[in-house]
Peer 1: 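Okay, handing you the structure first.
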Amino acid sequence: MSKPITSLQRQLQQIVAKQLVDISRNPFVQGIAAGSLPSTAVATYVQQDNLYLQKYLTNYQQVLGILAPDLLATTIHAIDTENRAHQVLLAFLQTDNAQLMKGTVIELPTTRAYLQHIQTAITANAWQGLAALLACPLIYTQLAVELQQQQAVVHRNPFAAWIDFYLPKADYFTKRMIELFVNEGQTKSDYQQFHALQRFEASCKYENAFFTQAMEE
Ligand SMILES: Cc1ncc(CO)c(N)n1
C-alpha cells in the first residue's frame, strides 16, 4: 500500500524544516543574512555553483524528459535563467562570470559528491532522481522565506536581491516539481518512497555542505 499523497508532501516538509535548522546556522548563510561575506567565499560559491547548475540542468532534462516532458518544456527556462541570482553575487565581487571562470575551475569534493549522489539516484530510476534533484529548489525557496522573515531583505544588504530571487513567486517551478514528485509517488511502493525520501534528505545535507565548502576554500 502506498501512502496517501499528503504523507509524502508532509515528509518532504519535515525533512526540509529539520535541515533548515542546520542550514540557517551555516556561516555562509549567516553571512548572506548579515550582508557580509569574504569575497573568496562568494567567488568559490559562484564558481562551484556554475559547475553544479550546468550538470543539474542536464540531469533535470533527463529526469523530466522521462516523467513530465510538458513540465520540462515550461520550466527549463526558469533554471536556465537562474544565473541571474549569480549576477547579484558577481556584482558584489565586482567581476563577471567570464573572469571568474577563467582558467580551469575544478569541482571541489562536495560539488563532486553531490552531483554523484544525483547521478546514482537517476540510475535507480527517474523518480528517485527527481527526489535527489528536488532538494536544490526546495531548500533555497524555504531558506529565502526564512531569511526574509529574519528581515535580511533590506536595502543595505548587498545580497537582498539574491534572497529575493529564490522567494516563491506565483506558480513557481519548485511547486510544480513537488507536485510531480508527490503525484508520481502515489504509484510507488513504500520501499521506493522510503529510499526517495532518504535521497532527498541526503541532498538537503549536501546543500548545507555546499555552503560550508565555499567558506573553507
Ligand atoms: C548547490 C545549489 N543548490 C540549490 C540552488 C538553487 O537552485 C543552487 N543554485 N545551487
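Since the structure is predicted, the reported quantities are computational estimates derived from the model, not experimental observations. Whatever order the structure lists them in is the order used to number ligands and atoms, beginning at 1.
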Peer 1: Between Phe211 and Tyr140 (judged by ring centroids, cut-off 6.0 Å), do the two rings come close enough to count as a pair?
Peer 2: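 Yes.
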Peer 1: Note the single closest protein heavy atom to atom 3 (N) of ligand 1, along with its residue, its atom name and the distance in Å.
Peer 2: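 Here the closest protein heavy atom is Glu207 OE1, 2.7 Å.
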Peer 1: Verify whether one side chain among Thr123 and Gln119 offers a donor that lies under 3.5 Å from an acceptor in the other.
Peer 2: no
Peer 1: Hey, which atoms in ligand 1 end up nearer than 4.0 Å to a heavy atom of Asp49?
Peer 2: 1 (C), 2 (C), 8 (C), 9 (N), 10 (N)
Peer 1: Decide yes or no on side-chain hydrogen bond (donor to acceptor under 3.5 Å, both in side chains) for Gln54 and Thr58, but give the supporting numbers first.
Peer 2: CA-CA 7 Å; Gln54 202 178 331; Thr58 308; over 6 Å; no
Peer 1: Of the side chain and backbone of Ile139, name the one, both, or neither that has a heavy atom under 4.0 Å from an atom of ligand 1.
Peer 2: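 It is neither; nothing of Ile139 touches ligand 1.
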Peer 1: Taking both backbone and side-chain atoms of Tyr52, is any N or O found less than 3.5 Å from an N or O belonging to ligand 1?
Peer 2: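 No, no N or O pair falls under 3.5 Å.
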Peer 1: How many angstroms lie between OH in Tyr45 and OG1 in Thr212, if you round to the nearest 0.5 Å?
Peer 2: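 If I round to the nearest 0.5 Å, the distance is 12.0 Å.
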Peer 1: Give the contacting part of Tyr166 toward ligand 1: side chain, backbone, both or neither, where contact means a heavy-atom distance below 4.0 Å.
Peer 2: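 The side chain, only.
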Peer 1: Give me the residue, atom name and distance of the protein heavy atom closest to atom 7 (O) of ligand 1.
Peer 2: Glu82 OE2, 2.8 Å
Peer 1: For residues 82-102, pull every pair meeting ring-ring contact (aromatic ring centres under 6.0 Å, His included), keeping only residues two or more places apart or in separate chains.
Peer 2: Phe92-Phe159
Peer 1: Nearest heavy atom to atom 4 (C) of ligand 1 wins, so pick from Cys136, Ala85, Ala135.
Peer 2: Cys136
Peer 1: Identify the heavy atoms of Gln193 and Lys188 that sit nearest to each other, and give their distance.
Peer 2: NE2-O, 3.4 Å
